[in-house]
Protein chains: 2
Amino acid sequence: MKESIEFQTENKEFTEECHTILTAVSDALYVIGGKWKLMIIIAMARGNKRFTEIQRQVTGISARVLSSELKDLELNGFIVKKVENGYPVSIEYELLPYSQTLEELVNAMTKWGIQHRQKLKAEISAKK
Amino acid sequence: MKESIEFQTENKEFTEECHTILTAVSDALYVIGGKWKLMIIIAMARGNKRFTEIQRQVTGISARVLSSELKDLELNGFIVKKVENGYPVSIEYELLPYSQTLEELVNAMTKWGIQHRQKLKAEISAKK
DNA sequence: CTGTATCCATAACGATACTG
DNA sequence: CAGTATCGTTATGGATACAG
């Protein structure tokens with residue numbers, strides 16, 4: 001299957017191929033789109049397991065939103081909530097193996113975000 | 001710079017590194033996040049240049065939203081609006097070279113979306 | 001600590017109609 | 001064809017308080 005984004009003239013095959021790609025990207029955005037989901041997974045991949053830890057690491061997220069996002073992520077098979085009985089009860093969230101399938105995507109986005117910030121910085125310097 | 005998402009024990013360095021990654025991803029999401037921007041760029045990379053063409057290809061987008069998104073994309077240096085005087089006036093949107101920097105990200109997302117859909121299909125089959 | 005409940009503000013979006 | 005205007009709806013998220 002051809003997946004590269006390319007610049008080319010139109011023909012009938014491209015419309016179908018384009019549709020395939022758009023559907024795939026739409027599927028992905030549906031599950032991991034939005035402001036927080038990838039960031040939560042990244043924070044967890046760095047060892048943050050507790051609710052408060054994650055909230056501290058993911059700057060700006062409120063408890064209400066974090067709670068809701070964690071439920072979504074659990075439903076979609078990225079994480080699991082583990083409750084350890086004891087005094088007090090200890091609750092940890094853990095990444096499931098499926099979250100590792102996002103590694104390439106996260107790396108690509110990180111790389112792009114870094115270069116984009118550098119581009120903006122360069123543009124601002126140029127204007128002075 | 002280390003950018004991989006990995007599963008490891010905590011230490012002081014990770015917190016900083018995590019913050020770097022989260023900032024980068026947050027930057028990226030700010031510019032290309034949301035439901036439509038990547039899809040519009042993909043449609044355009046497949047040769048769609050006219051407003052109506054893009055709207056037809058990006059299923060479900062309204063004229064109002066497309067218009068607004070195109071303005072954002074132009075502001076951020078991804079596309080340019082070209083007006084050819086003539087009868088009637090012809091308007092085309094073209095990708096700028098900067099949009100090609102998204103290729104790796106789009107490929108990763110496409111790949112992930114395809115495998116995710118297959119995973120869902122497999123799970124549904126398994127339940128029957 | 002780990003959330004939930006409530007309230008409120010804003011953003012995002014869809015539908016429709018309309019203009020040059 | 002390429003949008004804009006208007007309206008209404010839903011989604012999203014922040015703030016605060018509160019509960020187990």
Side-chain angles (χ1 to χ4, degrees), chain A residues 10 15 22 25-41 43-44 47-76 78-95, chain B residues 10 15 22 25-41 43-44 47-76 78-95:
Chain A
E10 301 173 58
T15 302
L22 287 177
V25 170
S26 180
D27 286 351
L29 288 175
Y30 185 76
V31 182
I32 52 153
K35 202 172 170 182
W36 303 114
K37 290 195 175 61
L38 281 180
M39 297 180 69
I40 292 168
I41 290 176
M44 292 181 64
N48 300 284
K49 295 168 178 299
R50 310 296 299 269
F51 191 91
T52 311
E53 270 178 357
I54 299 170
Q55 197 183 4
R56 196 181 337 110
Q57 193 71 252
V58 180
T59 314
I61 196 168
S62 70
R64 190 176 67 78
V65 172
L66 178 55
S67 172
S68 154
E69 297 285 55
L70 287 171
K71 278 173 188 161
D72 275 3
L73 291 173
E74 191 170 16
L75 266 177
N76 285 305
F78 292 112
I79 68 174
V80 66
K81 178 178 180 173
K82 293 205 170 171
V83 180
E84 303 280 339
N85 290 313
Y87 301 94
V89 170
S90 161
I91 298 173
E92 289 190 349
Y93 293 90
E94 282 179 17
L95 289 179
Chain B
E10 302 172 57
T15 301
L22 287 177
V25 170
S26 180
D27 286 351
L29 289 174
Y30 184 77
V31 182
I32 52 154
K35 202 171 169 181
W36 303 114
K37 289 195 176 61
L38 281 180
M39 297 181 70
I40 291 168
I41 288 176
M44 291 180 65
N48 301 285
K49 294 168 179 297
R50 310 297 295 269
F51 190 92
T52 311
E53 271 178 357
I54 299 170
Q55 197 183 3
R56 196 180 336 111
Q57 193 70 251
V58 180
T59 313
I61 197 169
S62 70
R64 190 176 65 80
V65 173
L66 178 54
S67 172
S68 152
E69 297 286 55
L70 287 172
K71 279 171 188 163
D72 275 3
L73 291 173
E74 192 171 14
L75 265 179
N76 285 304
F78 293 112
I79 67 175
V80 66
K81 178 177 179 173
K82 292 206 171 170
V83 181
E84 302 279 339
N85 290 313
Y87 303 93
V89 171
S90 161
I91 298 173
E92 289 190 350
Y93 293 91
E94 284 179 17
L95 290 179

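Numbered from 1 within each chain, the chains take letters A, B, ... in sequence-line order. Excluded from the calculations below are hydrogen atoms, water molecules and symmetry mates; all remaining heavy atoms, backbone and side chain alike, are included. Because the structure is predicted, anything quoted here is derived from the model rather than measured.
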Side-chain touch K71(A)/S67(A), heavy atoms, less than 4.5 angstrom:
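Yes - at least one pair of side-chain heavy atoms lies under 4.5 Å apart.
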
Minimum side-chain heavy-atom gap Y93(B)-L73(B) below 4.5 Å:
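No; the side chains remain at least 4.5 Å from each other.
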
Kindly give the heavy-atom pair with the smallest separation between M39(B) and V25(A), and that separation in Å.
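The pair with the smallest heavy-atom distance is CG-CG1, 4.2 Å.
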
What heavy-atom pair brings L70(B) and I40(B) nearest, and what distance separates the two atoms?
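Minimum heavy-atom separation between L70(B) and I40(B): CD2-CG2, 4.0 Å.
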
Check whether E94(B) reaches the backbone of K49(B) with its side chain - one donor and one acceptor, N or O, closer than 3.5 Å.
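Side chain of E94(B) to backbone of K49(B), a donor-acceptor pair under 3.5 Å: no, none is there.
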
Look at [X] and [N] and indicate whether a side-chain polar atom (N or O) is within less than 4.0 Å of OP1 or OP2.
| X | N | value |
| --- | --- | --- |
| T52(B) | dA2(D) | yes |
| S67(A) | dG3(C) | no |
| Y93(B) | dG3(D) | yes |
| K81(B) | dG3(D) | yes |

Which whole-number value in Å describes the distance from [X] [atom1] to [N] [atom2]?
| X | N | atom1 | atom2 | value |
| --- | --- | --- | --- | --- |
| E92(A) | dG3(C) | CD | C1' | 16 Å |
| N48(B) | dC1(D) | CG | C1' | 15 Å |
| L73(B) | dG3(D) | CG | P | 13 Å |
| K49(A) | dG3(C) | NZ | C1' | 20 Å |
| L29(B) | dA12(C) | CG | C1' | 16 Å |
| L70(A) | dT2(C) | CG | P | 11 Å |
| R56(A) | dT2(C) | CZ | C1' | 14 Å |
| I61(A) | dG3(C) | CD1 | C1' | 13 Å |

Using a cut-off of 4.0 Å on non-hydrogen atoms, how would the nucleic acid contact of R64(A) be classed: base, sugar-phosphate, or nothing?
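Base, at least one base atom sits under 4.0 Å.
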
Closest listed nucleotide, where the reference is the side chain of [X] and the choices are [options]:
| X | options | answer |
| --- | --- | --- |
| I91(A) | dT2(C), dG14(C), dG13(D) | dT2(C) |
| K35(A) | dG3(C), dG13(D), dC13(C) | dG13(D) |
| W36(B) | dA2(D), dT4(C), dG14(C) | dG14(C) |

